Amino acid sequence: MDEKVLELKQIIEGSDNIVFFGGAGVSTESNIPDFRSVDGLYNIKYKYSPEVILSHTFYKEHQEEFYEFYRDKMIFPDAKPNKAHLALAKLEEIGKLKAVVTQNIDGLHQLAGSKNVFELHGSIFRNYCEECGKFYDLKAITESEGVPKCSCGGTIKPDVVLYEEGLDHKLLANAIKAIMAADVLIIGGTSLAVYPAAGLLDYFKGSKVVLINKDETSKDGKADLVIHDSIGEVLSQIIE
Ligand code: CNA
């Protein structure tokens, strides 16, 4: 076993109060593209960048185009949890991991069996009518065309936090609470470029920060252990 992975194993063995903070890189091994990797969404040619299309302003002004991109690039109903999701669920099951704080909207942590998941940016599986508030599941988006409409005539909007929109206050407070109470923070599969989510890491007061990411991040210098590798490969070795 690689020296760094061994060190991670020892850190995990020594703690029963771990929190995981992750992003799109956790799901690339489930074939869901992230934003910033070389084969991520930023490197596919679009008329607009994902950040523009997934903004509140764009959603309001170009709904047809928004839903075209959203259905095509943000929804992967057949995606399955990968080794990273499964390892994290296992760590929770054996009492070591207390929470997963994720920027992902794909629901794969829950599908893997994780229970205490804070979805900072919402979920593709929840959708609401903007007029009457009626709840809709994912089929309302996948099985409709153009702008999805409620039976009342209102537009159905995914419960996903778009750029320019604020995070849910209660959820944010609970995620911060979990991070503040943790002894070990494992950060993985995130460029740490999206705020306020990335700012949550500043609340950590515990003993060890581990960063597992393919590319360098702005927080590499602050971590006790940095592993530049695939998160599924790394975490699956911990759980063997
Ligand atoms: P990002 O900015 O795309 O960064 C992803 C990071 O993960 C990069 O630094 C990569 O190097 C790294 N990475 C990619 N694959 C792996 C891997 N297998 N192992 C280790 N590291 C890897 O994504 P962030 O999450 O930081 O950005 C935040 C946005 C992206 C959030 O608002 C998400 O909602 C949004 N997003 C989510 C999904 C999803 O739900 N699966 C998909 C695409 C984008």
Side-chain angles (χ1 to χ4, degrees), residues 4-5 8 20-44 46 49-56 59 69-88 100-112 114 117-126 138 141 158-168 171-172 175 186-201 210-220 223 225-238:
K4 286 192 170 191
V5 179
L8 172 61
F20 178 79
F21 178 91
V26 176
S27 293
T28 53
E29 289 164 77
S30 297
N31 296 320
I32 301 180
D34 63 6
F35 281 177
R36 289 171 187 83
S37 292
V38 279
D39 53 354
L41 291 184
Y42 278 145
N43 292 295
I44 302 170
Y46 275 102
S49 77
E51 237 156 36
V52 170
I53 301 176
L54 297 171
S55 70
H56 186 79
Y59 170 77
F69 178 89
Y70 183 77
R71 285 193 186 92
D72 187 27
K73 298 293 170 199
M74 301 309 291
I75 298 181
F76 295 85
D78 300 327
K80 300 275 180 297
N82 63 50
K83 290 182 199 168
H85 300 105
L86 295 170
L88 291 165
V100 168
V101 180
T102 182
Q103 299 164 87
N104 293 349
I105 56 174
D106 56 33
L108 291 183
H109 285 294
Q110 290 92 332
L111 213 57
S114 287
V117 183
F118 296 103
E119 294 176 307
L120 295 176
H121 294 159
S123 169
I124 57 164
F125 293 101
R126 297 186 301 266
L138 185 58
I141 310 292
D159 186 14
V160 158
V161 180
L162 301 177
Y163 289 97
E164 305 163 352
E165 293 178 346
L167 305 191
D168 179 279
L171 186 118
L172 190 60
I186 303 177
I187 304 164
T190 171
S191 62
L192 297 174
V194 175
Y195 280 78
L200 261 61
L201 305 179
V210 179
L211 217 153
I212 309 165
N213 206 60
K214 276 193 173 165
D215 297 311
E216 269 181 39
T217 76
S218 58
K219 298 266 199 270
D220 280 19
L225 174 64
V226 179
I227 306 178
H228 286 149
D229 205 342
S230 138
I231 190 159
E233 289 307 317
V234 171
L235 289 183
S236 60
Q237 292 179 60
I238 301 301

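This is a predicted model, so every value here is computed, not measured. Each ligand, and each atom within it, is numbered from 1 in the order the structure gives.
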State, yes or no, whether a side-chain contact exists between Leu201 and Leu192 at a heavy-atom distance under 4.5 Å.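 Result yes, sub-4.5 Å side-chain heavy-atom pair found.
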
If every non-hydrogen atom of [X] is compared with every non-hydrogen atom of [Y], which pair is closest and at what distance?
| X | Y | answer |
| --- | --- | --- |
| His228 | Val226 | NE2-CG1, 3.5 Å |
| Met74 | Ile124 | O-CG2, 3.9 Å |
| Ser236 | Glu233 | OG-O, 3.1 Å |
| Leu225 | Lys4 | CD2-O, 3.7 Å |

Hey, looking at atom 13 (N) of ligand 1, which of Ser30, Gly22, Gly25 has the closest heavy atom?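 Heavy atom nearest to atom 13 (N) of ligand 1 belongs to Gly25.
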
Quick test of your reading of the structure: of Lys214, Gln103, Glu233, His121, whose heavy atom lies closest to atom 32 (O) of ligand 1?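 Minimum heavy-atom distance to atom 32 (O) of ligand 1 goes to His121.
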
Please identify which atoms of ligand 1 are closer than 4.0 Å to at least one heavy atom of [X].
| X | result |
| --- | --- |
| Ala24 | 23 (O), 24 (P), 25 (O), 36 (N), 37 (C), 38 (C), 42 (C), 43 (C), 44 (C) |
| Gly189 | 5 (C), 6 (C), 7 (O), 21 (N) |
| Gly23 | 25 (O) |
| Asp106 | 39 (C), 40 (O), 41 (N) |
| Ser27 | 41 (N) |
| Ser230 | 19 (N) |
| Glu29 | 17 (C), 18 (N), 19 (N) |
| Pro33 | 42 (C), 43 (C) |

Counting only heavy atoms, which portion of [X] has something under 4.0 Å from ligand 1: side chain, backbone, both, or neither?
| X | value |
| --- | --- |
| Ile105 | both |
| Ile231 | both |
| Thr28 | side chain |
| Ala193 | neither |

Output all residues satisfying ring-ring contact (aromatic ring centres under 6.0 Å, His included) with Phe125, sequence neighbours left out; order by chain, then residue number.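 Once residues adjacent in sequence are excluded, Phe125 has no partner under the ring-ring contact (aromatic ring centres under 6.0 Å, His included) criterion.
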
Close approach, Asp229 and ligand 1, non-hydrogen under 4.0 angstrom: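 Checking ligand 1 against Asp229, which is what was asked, there is a heavy-atom contact under 4.0 Å.
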
So, Glu119 versus Gln103: side-chain donor-acceptor pair below 3.5 Å or not? no

Do Ser27 and Asp106 pair up side chain to side chain, a donor and an acceptor below 3.5 Å, judged on atom types alone?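 Yes.
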
Could I get the full list of salt bridge (charged side-chain N to carboxylate O under 4.0 Å, His left out) partners for Glu165, not counting sequence neighbours?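 Counting only residues at least two positions away or on another chain, Glu165 forms a salt bridge (charged side-chain N to carboxylate O under 4.0 Å, His left out) with Lys157.
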
Please name the residue in the list Lys214, Glu29, Lys83 that meets the side-chain hydrogen bond (donor to acceptor under 3.5 Å, both in side chains) test with Ser230.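 Checked Lys214, Glu29, Lys83 against Ser230; only one passes side-chain hydrogen bond (donor to acceptor under 3.5 Å, both in side chains): Glu29.
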
Taking both backbone and side-chain atoms of Val194, is any N or O found less than 3.5 Å from an N or O belonging to ligand 1? no

